[in-house]
Amino acid sequence: QVHLVESGGGSVQAGGSLRLACTASGWPVSTNRYMAWFRQTPEKEREGVATITSDGGVTDYADSVKGRFTISRDKVRDTVYLEMNNLKPEDTAMYYCAAVRIFGADWSHPFAFQYWGQGTQVTVTS
């Protein structure tokens, strides 16, 4: 069972930056290590923000964050990061880390990943 722990959330003014981190442990043998960041608000369903392949070689982003957010991974520390720049009030949400891709589903849908962290709150004030 993969255990995911997020950190780095907080409150920032519009235009500011934050970096989220997600540290993983307990990987099952012979599983992929794709990971992703999702976000959710009380008004909206959980949506994919960014994803990264097991080796970190390929990434993809939601259109709403392209050019502002960067996902990366440190394989030694088993940690995935989400660097968020030029933050906007509409980026305010609970951000969740996800791991182990279920293929056949669009990565941006919650059912595309098997394991989830507890979430970290990001609040952007205008």
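Since we're looking at a predicted model, the values are computed, not measured. All residue numbers in this chain count up from 1 along the given sequence.
The CZ atom of R33 sits 12.0 Å away from atom CG of D55, with the distance rounded to the nearest 0.5 Å. Taking CG of L18 as the start and CG of N85 as the end, the distance is 9.5 Å to the nearest 0.5 Å. We find the OG-CZ distance between S54 and R73 to be 6.0 Å, quoted to the nearest 0.5 Å. The structure places CD of E45 at 8.0 Å from CD of Q40, a figure rounded to the nearest 0.5 Å. Rounding to the nearest 0.5 Å gives a distance of 11.5 Å between CE of M35 and CG of L82.
Comment: K88 does not engage D91 in a salt bridge, judged by the lack of any side-chain N to carboxylate O separation of less than 4.0 angstrom.
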Does Y81 form a side chain to side chain contact (heavy atoms under 4.5 Å, CB included) with T70? I'd like the steps, not just the answer. CA-CA 8 Å; Y81 302 97; T70 303; over 6 Å; no
Exercise for review: Begin with the C-alpha distance, continue with both residues' side-chain angles, and end with the deciding distance and a verdict on side chain to side chain contact (heavy atoms under 4.5 Å, CB included) for Y96 and L20.
Suggested key: CA-CA 10 Å; Y96 296 91; L20 306 182; over 6 Å; no
Under the criterion side chain to side chain contact (heavy atoms under 4.5 Å, CB included), I'd like the reasoning laid out for V80 against W37: C-alpha separation, chi angles, the key distance, then a yes or no.
CA-CA 9 Å; V80 168; W37 287 97; 3.6 Å; yes
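A donor-acceptor pair is defined here as one N or O able to donate and one able to accept, closer than 3.5 Å; such a pair exists between the side chain of Y61 and the backbone of I71. Looking at R101, its side chain does come within 3.5 Å of a backbone N or O of A105 through a donor-acceptor pair. Judged by distance alone, the side chain of R68 and the main-chain N or O of N86 form a donor-acceptor pair under 3.5 Å. Between the side chain of T53 and the main chain of V58, a donor-acceptor pair closer than 3.5 Å is present. A donor-acceptor pair under 3.5 Å is formed between the side chain of T92 and the backbone N or O of V124.
Both the sub-6.0 Å distance and the 45° axial angle are not jointly satisfied by R46 relative to the ring of F38.
Atom CD of E90 has more than 12 neighbouring heavy atoms from other residues, nucleotides or ligands inside a 6.0 Å radius.
Under the 4.5 Å side-chain heavy-atom criterion for Ile, Leu, Val, Met, Phe, Trp and Tyr, F103 and W116 are members of the same hydrophobic cluster. Under the 4.5 Å side-chain heavy-atom criterion for Ile, Leu, Val, Met, Phe, Trp and Tyr, V100 and F113 are members of distinct hydrophobic clusters. Linking Ile, Leu, Val, Met, Phe, Trp and Tyr residues whenever their side-chain heavy atoms come within less than 4.5 Å leaves W107 and V49 in two separate clusters.
G48 and A62 get closest at one heavy-atom pair: O-CB, 3.4 Å. Counting all heavy atoms, side chain and backbone alike, S11 lies closest to T125 at OG-CG2, 4.2 Å. Listed here is the closest heavy atom pair of G16 and V12: CA-CG2, 3.8 Å. Taking all atoms of both residues into account, the shortest heavy-atom contact from V122 to M84 is CG2-CE, 3.9 Å. Minimum interatomic distance between V2 and P28 (heavy atoms only, all atoms of both residues): CG2-CD, 3.5 Å. Considering every non-hydrogen atom in both C97 and E6, the closest pair reads N-OE2, 2.8 Å.
The shortest distance between side-chain heavy atoms of I102 and Y34 does not fall below 4.5 Å.
Using the six-membered ring where Trp is involved, F111 and H109 have ring planes that are tilted, between 30° and 60° apart.
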